[in-house]
Structures are given as structure tokens and as C-alpha cells.
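Notes to accompany the following structure.
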Amino acid sequence: QVQLVESGGGLVQPGSFLRLSCAASGFTLGGIAIGWFRQVPGRQREAVSCIGRRDSNIFYIDSVKGRFTISRDNAENTVYLQIDSLKPEDTADYFCAADSTGLSCLAALPGIYDMDYWGKGTLVTVSS
């Protein structure tokens, strides 16, 4: 059974950091495109980062550049999102998603319809 499970979210103060994990089962994350998305109530889910078939294909939304770092550990079959210098506006549900075709994240961030497997999300709350 194909499954993505996110973890690592929580309640943190502004300026702190988190590392979100996206663990896969039932398929291999290596060589496919993985995206991290976030969503706040009442707003559209947006891609914040992706890593493509090749680890050299990495993109970030402008608002997180320099603070978010995506990485992939093939041995652990896990993709990570390191989030530094957290801001209150980073508060959201964070989802990872996989594009098994590998065609997304080649030149830009993917859209939600580019992805065919989704996790259930992990909540990040940034508040003092």
C-alpha cells in the first residue's frame, strides 16, 4: 500500500526551527518528484518546496528562500523539510506529496494537480 506519513510539526516560538519528515512506504521516493505544500484554513494549498527526480532540481517559494531546506535520504526513504527562523506566517498544515511520473519540479514548483500521492499532514504553529 502506497503511503506518505508526515511528522515533526508542533507548536514553536518565532525564530525557532523544525524538521519535518515525509516517510514513504509501498514505493521508493528516490528518483521521483516530492513536494512540500502548506495550507491554512480558508486558503488554497500552496507548494513551498520540491525536489525533483534529480536532487539538483530543488525549488522554493520566494517567501521561504533562505529559511527552508528540502533534502532526501534514499536509505531512509524519507524527504525532509528543515525550517529555520520560523515566523508566525509559517503557521499551517504541511503536507508532502509525490509525483510518481517524475515530470514535475523540473523547472518550477508543482501544482497540487501534479501530485498523485499525499500524506495527511502535520501541523506547524508558530506563536509566542
Side-chain angles (χ1 to χ4, degrees):
Q1 181 180 0
V2 173
Q3 194 173 17
L4 291 171
V5 178
E6 302 93 337
S7 62
L11 172 62
V12 295
Q13 293 187 337
S16 57
F17 65 92
L18 286 172
R19 189 176 77 158
L20 306 185
S21 300
C22 172
S25 59
F27 69 108
T28 302
L29 288 180
I32 66 172
I34 303 296
W36 279 99
F37 295 74
R38 66 185 179 187
Q39 187 172 25
V40 297
R43 297 183 65 178
Q44 192 171 8
R45 190 172 297 187
E46 65 174 356
V48 296
S49 182
C50 68
I51 183 167
R53 288 183 297 179
R54 299 178 180 177
D55 288 356
S56 56
N57 289 109
I58 288 178
F59 299 94
Y60 301 96
I61 194 172
D62 285 346
S63 60
V64 308
K65 286 180 179 178
R67 300 189 298 117
F68 287 27
T69 305
I70 192 170
S71 61
R72 175 166 36 210
D73 186 330
N74 291 329
E76 296 293 327
N77 208 29
T78 299
V79 170
Y80 299 99
L81 186 68
Q82 176 73 30
I83 308 176
D84 297 320
S85 302
L86 276 156
K87 302 177 180 180
E89 52 263 42
D90 294 321
T91 296
D93 279 303
Y94 283 73
F95 302 86
C96 67
D99 167 19
S100 59
T101 70
L103 296 178
S104 61
C105 197
L106 292 177
L109 288 166
I112 59 174
Y113 299 109
D114 293 321
M115 319 307 283
D116 43 14
Y117 299 112
W118 290 85
K120 294 183 178 181
T122 185
L123 179 62
V124 173
T125 304
V126 185
S127 176
S128 55

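Numbers here simply count residues along the sequence, with the first being 1.
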task: Can you sort out the partners of Tyr60 under ring-ring contact (aromatic ring centres under 6.0 Å, His included), two or more places apart, ordered by chain and number?
output: none

- line: By side chain to side chain contact (heavy atoms under 4.5 Å, CB included), Asn74 pairs with (sequence neighbours left out) Arg72

query: Are Leu18 and Trp36 connected in a single hydrophobic cluster, I mean Ile/Leu/Val/Met/Phe/Trp/Tyr linked by side-chain heavy atoms less than 4.5 Å apart?
result: yes

query: How would you list all residue pairs meeting salt bridge (Lys or Arg N to Asp or Glu O under 4.0 Å) that involve residues 107-128, not counting sequence neighbours?
result: none

field: Heavy-atom pair with the smallest gap, counting every atom of Thr122 and Gly8
entry: OG1-N, 4.0 Å

message: For residues 60-102, which residue pairs pass the disulfide bond (SG atoms under 2.5 Å apart) check, not counting sequence neighbours?
response: Cys22-Cys96

field: Residues which pass side chain to side chain contact (heavy atoms under 4.5 Å, CB included) with Cys105, listed by chain and number, not counting sequence neighbours
entry: Ala33, Cys50, Phe59

query: Between CD1 of Ile70 and CG of Asn57, what distance do you get to the nearest 0.5 Å?
result: 11.5 Å

message: So, taking the atom named OG1 in Thr101 and the one named CE in Met115, what distance separates them when rounded to the nearest 0.5 Å?
response: 8.5 Å

message: Would you compute the distance between atom OG of Ser71 and atom CD1 of Ile34 and round it to the nearest 0.5 angstrom?
response: 12.0 Å

- prompt: Are Val79 and Leu81 connected in a single hydrophobic cluster, I mean Ile/Leu/Val/Met/Phe/Trp/Tyr linked by side-chain heavy atoms less than 4.5 Å apart?
  reply: yes

query: With sequence neighbours excluded, what pairs up with Phe17 under the ring-ring contact (aromatic ring centres under 6.0 Å, His included) test?
result: none

Considering all heavy atoms, the nearest Ala98-Ile32 contact: CB-CD1, 3.9 Å

statement: Across all chains, not counting sequence neighbours, the side chain to side chain contact (heavy atoms under 4.5 Å, CB included) partners of Val2 are Phe27, Tyr117

message: Can you pull out every side-chain hydrogen bond (donor to acceptor under 3.5 Å, both in side chains) where at least one residue sits in residues 86-96? Sequence neighbours excluded, please.
response: Arg38-Asp90, Arg38-Tyr94, Arg67-Asp90

Set of residues satisfying side chain to side chain contact (heavy atoms under 4.5 Å, CB included) with respect to Ser21, sequence neighbours excluded: Ser7, Thr78, Tyr80

task: Check ring-ring contact (aromatic ring centres under 6.0 Å, His included) between Phe37 and all other residues, then give those that pass, not counting sequence neighbours.
output: Trp118

task: State the CG-CD1 distance between Leu20 and Ile83, to the nearest 0.5 angstrom.
output: 4.0 Å

message: Do Ile61 and Ile51 land in one hydrophobic cluster if side-chain heavy atoms of ILVMFWY residues count as linked below 4.5 Å?
response: yes

message: Quick check for you: to the nearest 0.5 Å, what is the distance between Ser63 atom OG and Phe68 atom CZ?
response: 7.0 Å

- request: Please go through Val40's hydrophobic cluster and name the other residues, only I, L, V, M, F, W, Y counting, with side-chain heavy atoms under 4.5 Å joining them.
  value: none

- prompt: So, for Val12 and Ser16, which heavy atoms are closest and what is the spacing to 0.1 Å?
  reply: CB-OG, 3.2 Å

query: Between atom CZ of Arg53 and atom CG of Asp99, what is the distance when rounded to the nearest 0.5 Å?
result: 9.0 Å

- prompt: For Asp84, what residues pass the salt bridge (charged side-chain N to carboxylate O under 4.0 Å, His left out) criterion, not counting sequence neighbours?
  reply: none

Cluster link Leu86 to Val64, ILVMFWY, side chain under 4.5 Å: yes

